[in-house]
Amino acid sequence: MIFRSHMHLALDEARAAAARGEVPVGAVVVSPAGEVLARAGNRTRELNDPTAHAEMLAIRTACARTGSERLTGCDLYVTLEPCPACAAVISAARIARLYYGAADPKSGGVAQGPRIFSHPQAHHVPEVYDGIASDDAADLLKDFFAARR
């Protein structure tokens, strides 16, 4: 099977989140067959829900769509390194591959901070690919926060 990145869709979701006044993070879940199962952007402010991160929303939707709490074989594309809570959910959902854009030195939970997938308590460790469209993802975040300062 030929690799086809879906990061452009995650970036679209991040841009839409920024337009709503949310921190611009987007996520896309892709089935083993290459079908987009879910896509989402941050909605924490809109929903008054601190768990309404793009990854959480996309995983919830994909699980509902597949009728399973596990997304075995699925890929997750996220514009920003997942936080520790999202990384734990990624593990619990058994995501096969995680592709993310910008690193998050302040709040990341994969390559930064607690490195959730390195803990023996991680039920499942996905393959992790970082730096995918990282400049585009980082620029969205920088522009968003610069406009608020």
Side-chain angles (χ1 to χ4, degrees), residues 1-47 49-66 68-113 115-117 122 124-148:
M1 189 162 133
I2 297 172
F3 174 75
R4 179 176 162 224
S5 176
H6 290 79
M7 188 59 79
H8 65 285
L9 297 175
L11 286 164
D12 288 346
E13 291 296 328
R15 288 183 197 95
R20 294 190 302 272
E22 300 278 357
V23 174
V25 178
V28 177
V29 177
V30 180
S31 76
E35 176 189 6
V36 174
L37 296 175
R39 48 191 288 178
N42 275 357
R43 291 186 180 275
T44 58
R45 291 175 184 249
E46 176 186 342
L47 299 176
D49 180 355
T51 70
H53 290 190
E55 304 95 305
M56 297 273 198
L57 296 173
I59 288 170
R60 287 177 191 155
T61 299
C63 286
R65 186 165 174 198
T66 62
S68 175
E69 78 281 9
R70 295 195 176 163
L71 298 171
T72 306
C74 290
D75 297 340
L76 176 64
Y77 291 82
V78 188
T79 58
L80 181 65
E81 176 183 354
C83 74
C86 290
V89 170
I90 290 164
S91 177
R94 307 304 199 267
I95 296 289
R97 284 163 295 282
L98 167 64
Y99 300 91
Y100 71 85
D104 188 353
K106 181 180 175 189
S107 301
V110 176
Q112 316 285 325
R115 297 181 174 142
I116 297 300
F117 302 137
H124 167 79
V125 177
E127 294 174 31
V128 177
Y129 302 91
D130 62 353
I132 311 297
S134 60
D135 290 342
D136 293 334
D139 288 346
L140 274 173
L141 289 159
K142 287 175 193 169
D143 292 347
F144 177 82
F145 288 112
R148 277 150 182 74

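One-based numbering along the sequence shown.
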Check [X] against [Y] and note the closest heavy-atom contact, atom names and distance.
X	Y	answer
A40	A58	CB-N, 3.8 Å
A102	A137	N-CB, 3.9 Å
E22	T44	OE1-N, 3.2 Å
P24	A17	CA-CB, 4.2 Å
N42	V23	ND2-O, 3.2 Å
H124	I95	NE2-O, 2.7 Å

Run D75 and H6 through side chain to side chain contact (heavy atoms under 4.5 Å, CB included) and show every step you take.
CA-CA 9 Å; D75 297 340; H6 290 79; over 6 Å; no
M56 and V89: CA distance, side-chain angles, deciding distance, side chain to side chain contact (heavy atoms under 4.5 Å, CB included) verdict:
CA-CA 7 Å; M56 297 273 198; V89 170; 3.5 Å; yes
Just how far is it from atom OH of Y77 to atom CG of L98, taken to the nearest 0.5 Å?
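So the OH of Y77 and the CG of L98 are separated by 10.5 Å.
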Can you tell me how far the CD1 atom of I90 sits from the CG atom of L71, to the nearest 0.5 Å?
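Interatomic distance, I90 CD1 to L71 CG, rounded to 0.5 Å: 10.5 Å.
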Yes or no on side-chain hydrogen bond (donor to acceptor under 3.5 Å, both in side chains) for T51 and R60, after CA distance, side-chain angles and deciding distance?
CA-CA 11 Å; T51 70; R60 287 177 191 155; 3.0 Å; yes
Derivation of the side chain to side chain contact (heavy atoms under 4.5 Å, CB included) call for L11 and R15
CA-CA 6 Å; L11 286 164; R15 288 183 197 95; 3.7 Å; yes
Apply the side-chain contact (heavy atoms from CB on, under 4.5 Å) test between Y100 and each candidate in L80, V110, T79, L76; give the one that qualifies.
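Among the candidates, only V110 passes.
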Applying side chain to side chain contact (heavy atoms under 4.5 Å, CB included), run through R43 and L57 and close with a yes or a no.
CA-CA 8 Å; R43 291 186 180 275; L57 296 173; 3.9 Å; yes
Within the supplied structure, the quantity of interest is the number of heavy atoms (other residues, nucleotides, ligands) at a distance under 6.0 Å from R45 CZ; does it exceed 12?
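Atom CZ in R45 is not packed in, count stays at 12 or less.
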